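First up is the structure itself, then whatever we jot down about it.
Per chain, numbering begins at 1; letters A, B, ... match sequence-line order. Predicted, not measured: the structure shown is a model, and the values here were computed from it.
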Protein chains: 2
Amino acid sequence: MFTDTSTLAWRKSANDCLLDDVSHILGDRPLGARQAQKLRTRQALLDAGLRLLEHQSLSSLGLRELTREVGVAPAGFYRHFRDMSDLGVALVEESFGSLREMVRAIRGEQAKADEVIDGTVEVIARYVREHRPHFRFIARERYGGVQPVREAIADELRLFAEELASDLAAQPESEGWSPQDIRMLADLYVDHMVMIAIAFLDVSPEDPGSEEEIANIARRQLRLIRLGRSHWLDD
Amino acid sequence: MFTDTSTLAWRKSANDCLLDDVSHILGDRPLGARQAQKLRTRQALLDAGLRLLEHQSLSSLGLRELTREVGVAPAGFYRHFRDMSDLGVALVEESFGSLREMVRAIRGEQAKADEVIDGTVEVIARYVREHRPHFRFIARERYGGVQPVREAIADELRLFAEELASDLAAQPESEGWSPQDIRMLADLYVDHMVMIAIAFLDVSPEDPGSEEEIANIARRQLRLIRLGRSHWLDD
DNA sequence: CAGTTGGGATGACAGTTGTTCACTGACACC
DNA sequence: GGTGTCAGTGAACAACTGTCATCCCAACTG
């Protein structure tokens with residue numbers, strides 16, 4: 001009798017607002033209700049973590065605090081993650097996963113310079129708008145207290161910079177550029193795109209006025225960098 | 001008999017490597033051994049905090065952990081700070097205090113563009129070299145979990161950007177520039193100087209090779225921005 | 001020289017924390 | 001249909017946390 005009620009209580013707390021989100025991961029194939037349930041609680045831990053991390057940093061997030069939020073016994077946490085920094089790394093992957101989608105949109109289209117800049121700023125704004133908790137987490141932990149998480153973020157950003165560098169190298173404006181210079185330009189761009197995203201972060205909640213102001217500044221900054229790029233080989 | 005030993009033990013732990021550091025604050029005037037002692041323990045708390053914060057973030061630093069390090073009773077902490085974020089704000093002021101000195105050195109001298117850039121990068125490198133714990137703290141907490149500290153850092157950086165903007169406005173290259181454009185350039189510079197400092201942070205310990213490499217990249221990035229600046233009004 | 005002040009020590013308070021353990025019962029597989 | 005696997009449980013652990021009222025005694029004031 002007790003087992004039933006407790007199971008139901010767990011079902012309720014673990015499932016709400018999750019069933020749809022993971023269904024596409026499971027696919028149409030029967031993956032076994034067992035593993036599906038495990039994935040669902042794992043996702044519930046990640047979601048609750050992201051929620052709690054909106055107003056604190058990972059190093060101050062308690063294991064019990066998290067499991068309490070999900071409605072799982074403290075010990076259950078260890079079935080999914082070795083420790084808190086393990087969960088943090090998983091959150092990093094999740095965050096950059098959703099980012100990568102949006103980036104591909106930009107990489108694909110070839111347009112003239114100003115359109116690229118406008119599109120870039122718009123994609124950054126949209127990413128922050130639609131994934132604010134994710135990016136807030138990234139910004140907090142990029143130089144935060146948990147080493148493995150810091151390294152995971154650094155790796156993702158390095159990867160991002162490398163992709164951008166190869167994109168830049170393929171452009172006609174890069175003729176005569178050394179690989180090192182292209183890389184330093186890519187780093188400059190990546191750093192500033194992160195700064196732009198952070199600027200959106202602090203102001204965005206339903207305030208289209210200042211969001212547009214930030215976007216305006218961001219566009220001009222990117223344009224200035226592009227201007228410097230186009231005169232790099234002038235002597 | 002017990003009181004003596006405990007007092008001595010406290011004296012020892014609170015004073016080491018501190019007596020010289022605060023002497024210039026106390027001045028030559030007799031300030032009262034009473035208040036001098038208070039200042040000394042306050043400073044000891046700040047120093048120990050900075051030491052402990054080298055490998056963790058402020059939100060995870062415990063009050064007892066800190067007082068234990070200093071050799072002071074836990075309750076004694078409240079004589080000097082209301083709470084941890086109060087100490088954090090004090091550390092922010094301390095950090096930017098030492099930075100401000102070095103910045104004035106750059107602001108004063110007028111030289112040609114490349115020399116300014118080289119000097120800037122050198123000053124950043126020196127600041128990180130000589131005040132690594134301070135800057136590590138700033139980098140960690142700039143977007144960290146403690147709101148008052150975050151705001152204190154943001155205020156200091158805004159002040160810094162405003163000073164830089166007024167410097168830029170006074171330069172002949174800024175003729176025809178709108179105040180908004182000058183401000184956006186100043187923000188761009190400040191953000192990147194912070195990024196440069198962070199880059200120095202991760203690599204500096206007795207590795208002149210990679211320090212010089214970072215400096216090289218930083219110089220080229222700043223030069224590219226300056227190039228963009230000088231063509232901003234080209235049409 | 002007394003009296004007051006206040007920096008600091010003390011010890012206990014009531015919670016909280018991360019981690020481990022044996023255990024259970026629903027699922028998956030043969 | 002029986003059996004092993006394993007996600008999740010709940011209790012117990014020791015260590016830790018911030019906060020408080022209280023006392024001590026050196027340092028200041030008059």
Side-chain angles (χ1 to χ4, degrees), chain A residues 1-15 18 22 26 29-45 48-49 52 56 58-88 146, chain B residues 1-15 22 26 29-45 48-49 52 56 58-87 146:
Chain A
M1 56 178 285
F2 260 114
T3 61
D4 268 7
T5 58
S6 69
T7 304
L8 283 176
W10 171 78
R11 278 250 164 77
K12 176 186 169 298
S13 53
N15 284 1
L18 279 178
V22 292
L26 303 176
R29 299 287 190 70
L31 179 48
R34 200 81 226 263
Q35 313 186 33
Q37 187 67 295
K38 179 171 187 182
L39 269 185
R40 230 177 275 133
T41 22
R42 185 192 139 96
Q43 191 59 40
L45 284 167
L52 292 169
Q56 62 183 317
L58 186 66
S59 53
S60 69
L61 173 62
L63 179 146
R64 304 181 93 106
E65 184 185 0
L66 174 63
T67 54
R68 204 184 305 128
E69 174 90 357
V70 177
V72 167
F77 175 85
Y78 295 103
R79 300 276 178 208
H80 303 275
F81 304 100
R82 202 176 302 108
D83 51 21
M84 266 302 163
S85 59
D86 196 18
L87 178 133
V146 187
Chain B
M1 59 176 281
F2 258 114
T3 61
D4 268 7
T5 57
S6 68
T7 303
L8 283 176
W10 171 79
R11 277 250 164 76
K12 177 186 171 296
S13 53
N15 284 0
V22 291
L26 302 176
R29 301 285 191 70
L31 180 47
R34 195 85 207 245
Q35 314 185 31
Q37 186 68 298
K38 179 171 187 181
L39 270 185
R40 228 178 275 132
T41 21
R42 186 192 140 94
Q43 192 59 41
L45 284 167
L52 292 170
Q56 62 183 317
L58 186 65
S59 54
S60 70
L61 173 62
L63 177 146
R64 306 182 88 106
E65 185 184 1
L66 175 63
T67 54
R68 201 185 307 128
E69 175 89 359
V70 178
V72 167
F77 175 83
Y78 296 105
R79 303 268 182 209
H80 305 274
F81 304 99
R82 204 175 300 109
D83 50 22
M84 267 303 166
S85 58
D86 197 18
L87 177 133
V146 187

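Using a 4.5 Å heavy-atom threshold, the side chains of L61(B) and M84(B) count as touching. Residues F77(B) and L66(B) have side chains in contact (heavy-atom distance under 4.5 Å, counting atoms from C-beta outward). Annotation: side chain of T41(B) is in contact with side chain of H80(B) (closest heavy-atom distance under 4.5 Å).
The listed nucleotides are dG8(C), dG18(C), dT5(D); the one nearest the side chain of Q37(B) is dG8(C). Comparing dC6(D), dG8(D), dT20(C) by their nearest atom to the side chain of H80(A) picks out dG8(D). Side-chain proximity of A73(A) to the nucleotides dT19(C), dT10(C), dT9(D) is greatest for dT9(D). Candidate nucleotides dT9(D), dT5(D), dT17(C) were compared by shortest atom distance to the side chain of E65(A), and dT17(C) ranks first.
Nearest heavy atoms, A44(A) versus V70(A): O-CG2, 3.7 Å.
Per the geometry, CG belonging to D86(A) stands 12 Å off P belonging to dT19(C), to the nearest Å. Put simply, CZ on F81(A) is 11 Å from P on dG8(D), counting in whole angstrom units. Following rounding to the nearest Å, R40(A) (CZ) and dA7(D) (C1') show an atom-to-atom distance of 13 Å. When rounded to the nearest whole Å, the span between CZ of R42(B) and P of dG8(C) equals 12 Å. The distance between atom CG of L63(B) and atom C1' of dT17(D), rounded to the nearest whole Å, is 9 Å. What separates CD of Q43(A) from C1' of dA7(D) is a distance of 17 Å, to the nearest Å. Rounded to whole angstrom, the span from the NZ atom of K38(A) across to the P atom of dA28(C) amounts to 14 Å. Here the C1' atom of nucleotide dT17(D) and the CG atom of L66(B) are 14 Å apart, to the nearest Å.
The nearest heavy atom of DNA chain C to M84(A) and to P74(B) marks one nucleotide each, and the one closer to the 5' end goes with P74(B). Between A75(A) and R79(B), it is A75(A) whose nearest contact on DNA chain D lies nearer the 5' terminus.
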Can you pull every protein N or O that's under 3.5 Å from an N or O on nucleotides 13-16 of chain D?
none

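Across all strands, G62(A) comes closer than 4.0 Å only to sugar-phosphate atoms, never to a base (heavy-atom distances). As judged by a 4.0 angstrom heavy-atom cut-off over every strand, F77(B) is placed among residues making no nucleic acid contact.
Remark: L63(B) CG to L45(B) CG distance equals 9.0 Å, nearest 0.5 Å.
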Test side chain to side chain donor-acceptor pair (under 3.5 Å) on Q43(B) and R40(B); report intermediate values, then the result.
CA-CA 5 Å; Q43(B) 192 59 41; R40(B) 228 178 275 132; over 6 Å; no
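A close approach under 4.0 Å does not occur between any side-chain nitrogen or oxygen of Y78(A) and OP1 or OP2 of dT20(C). A close approach under 4.0 Å does not occur between any side-chain nitrogen or oxygen of T41(A) and OP1 or OP2 of dA7(D).
Under the 3.5 Å distance criterion, the side-chain polar atoms of S60(A) are left unmatched by any main-chain donor or acceptor of Q56(A). A donor-acceptor contact shorter than 3.5 Å links the side chain of E65(A) to the backbone of G62(A).
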